[in-house]
Amino acid sequence: MLKFLKLAVITIIASLGVSSVAQAQTTKYKCMIQMTNYMGEGAYMVVSIVDAKGAYDKTLYVLGSDKKWYKDLKEWYKAFSKKPSNLSAITGASVTGGDRSVVVLEIENAKLNANYKIRFESAVEDKPYYVKDLEVPLTTDGLAAKSEGTGYIRYVRFSPAN
């Protein structure tokens, strides 16, 4: 009986250790996106983590909530369609020319300084599509710097969300 009790206690302790390891530690960052002064409709944008080869790892945020326009974010939509996830908690309004948006991104700590990037992909109706409007190295230095966009994004800045 004592042997059985010891085995039960060890099993419970081991399962608690596994469940705490399975829950990834994350940090929240405020992300301020300043748009260029383009003319036209609001930009749909997706913020994703990509690995060293450029493969999509995780969708962090989608600016633009009307799902019918997601297909205009071509590369992300192709990857997202293969591995769909619930986006309802990570969507917000699209952003128009000259405006700025502040969103909160939750990033796994294990991805920081581990050869990942944060990709900002953007599309505007009847205008060019930018698969890499901006890519920020997911490093301590990358998150501390002001990063310039190449399409509809003028720049992006990150700060810790308290």
Side-chain angles (χ1 to χ4, degrees), residues 23-162:
Q23 294 176 350
Q25 296 279 337
T26 63
T27 301
K28 291 183 180 183
Y29 296 90
K30 286 183 189 174
C31 174
M32 196 275 293
I33 305 166
Q34 175 65 54
M35 304 298 285
T36 62
N37 289 321
Y38 73 87
M39 298 297 289
E41 299 294 325
Y44 266 60
M45 195 175 314
V46 65
V47 183
S48 304
I49 294 179
V50 296
D51 66 17
K53 295 179 181 176
Y56 291 89
D57 181 74
K58 183 175 182 177
T59 302
L60 297 175
Y61 205 88
V62 180
L63 286 93
S65 56
D66 191 345
K67 293 178 182 181
K68 76 177 184 179
W69 300 110
Y70 289 176
K71 65 184 179 324
D72 291 344
L73 298 161
K74 298 171 188 164
E75 292 300 312
W76 169 79
Y77 188 74
K78 193 177 356 174
F80 172 75
S81 297
K82 292 177 186 171
K83 189 176 143 185
S85 59
N86 182 8
L87 299 177
S88 60
I90 57 169
T91 59
S94 59
V95 189
T96 58
D99 283 349
R100 69 176 52 169
S101 181
V102 177
V103 299
V104 176
L105 307 176
E106 190 167 352
I107 300 172
E108 292 174 43
N109 295 344
K111 303 241 189 268
L112 186 65
N113 300 313
N115 213 16
Y116 288 91
K117 295 178 186 175
I118 300 176
R119 176 180 291 169
F120 293 78
E121 191 169 336
S122 63
V124 171
E125 185 178 356
D126 298 325
K127 295 202 179 291
Y129 155 69
Y130 295 93
V131 67
K132 296 178 186 176
D133 194 333
L134 175 60
E135 283 191 341
V136 178
L138 188 45
T139 62
T140 306
D141 290 342
L143 292 175
K146 175 181 172 183
S147 301
E148 305 287 330
T150 60
Y152 305 109
I153 298 173
R154 178 175 289 152
Y155 65 86
V156 168
R157 286 189 184 205
F158 292 92
S159 62
N162 296 332

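Across all their heavy atoms, Leu73 and Tyr129 have their closest contact at CA-CE1, 3.8 Å. The minimum heavy-atom distance linking Ala114 with Ala110 is given by the pair CB-O, 3.4 Å. Across Ala43 and Tyr38, no two heavy atoms sit closer than the pair N-OH, 3.0 Å. In terms of heavy atoms, Thr91 sits closest to Tyr61 at O-OH, 3.4 Å. Heavy-atom minimum distance, Glu106 versus Thr26: OE2-OG1, 2.6 Å. Residues Cys31 and Val156 come closest through the heavy atom pair SG-CG1, 3.6 Å.
The salt bridge (charged side-chain N to carboxylate O under 4.0 Å, His left out) check on Asp57 picks up Lys111, with sequence neighbours excluded. Lys127 meets the salt bridge (charged side-chain N to carboxylate O under 4.0 Å, His left out) test with no other residue; sequence neighbours excluded.
To the nearest 0.5 Å, the span separating CD1 on Ile33 from CZ on Arg100 amounts to 11.5 Å. Taken to the nearest 0.5 Å, the CD atom of Glu75 stands 11.5 Å off from the OG atom of Ser48. The distance from the NZ atom of Lys82 to the OH atom of Tyr56 is 11.0 Å, given to the nearest 0.5 Å. Distance CG/Asn115 to NZ/Lys53: 11.0 Å, rounded to 0.5 Å. One distance of note links CE of Met35 with CZ of Arg154; it measures 10.0 Å at 0.5 Å rounding.
More than 12 heavy-atom neighbours from other residues, nucleotides or ligands sit within 6.0 angstrom of NZ on Lys71.
Checking Val95, Asp72, Leu63, Asp66 one by one against Tyr44, the side chain to side chain contact (heavy atoms under 4.5 Å, CB included) holds for a single residue, Asp66. Only one option out of Asp133, Ile153, Val103 pairs with Met45 in a side chain to side chain contact (heavy atoms under 4.5 Å, CB included); it is Ile153.
Between Trp76 and Phe80, the ring planes lie parallel to each other; the angle is under 30°, not in the 30° to 60° tilted range. Taking the six-membered ring for Trp and thresholds of 30 and 60 degrees, Phe158 and Phe120 have ring planes inclined between 30 and 60 degrees apart.
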Hey, mind stepping through Ile90 and Val47 against side-chain contact (heavy atoms from CB on, under 4.5 Å) and telling me if it holds?
CA-CA 10 Å; Ile90 57 169; Val47 183; over 6 Å; no

For side-chain contact (heavy atoms from CB on, under 4.5 Å), just list the numbers for Ile107 and Thr27, CA-CA rounded to whole Å, side-chain angles, deciding distance to a tenth of an Å, and then say yes or no.
CA-CA 5 Å; Ile107 300 172; Thr27 301; 5.8 Å; no

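Pairs passing the side-chain hydrogen bond (donor to acceptor under 3.5 Å, both in side chains) check and including a residue from residues 136-148, sequence neighbours excluded, read Asn113-Thr140.
Side-chain contact check for Leu112 versus Leu143: some heavy-atom pair is nearer than 4.5 Å.
Looking at Glu108 and Tyr116, their side chains never bring a donor and an acceptor atom within 3.5 Å of each other.
Side chain of Thr150 to main chain of Lys132: a donor-acceptor pair is present (N/O by atom type, distance under 3.5 Å, no hydrogens or angles).
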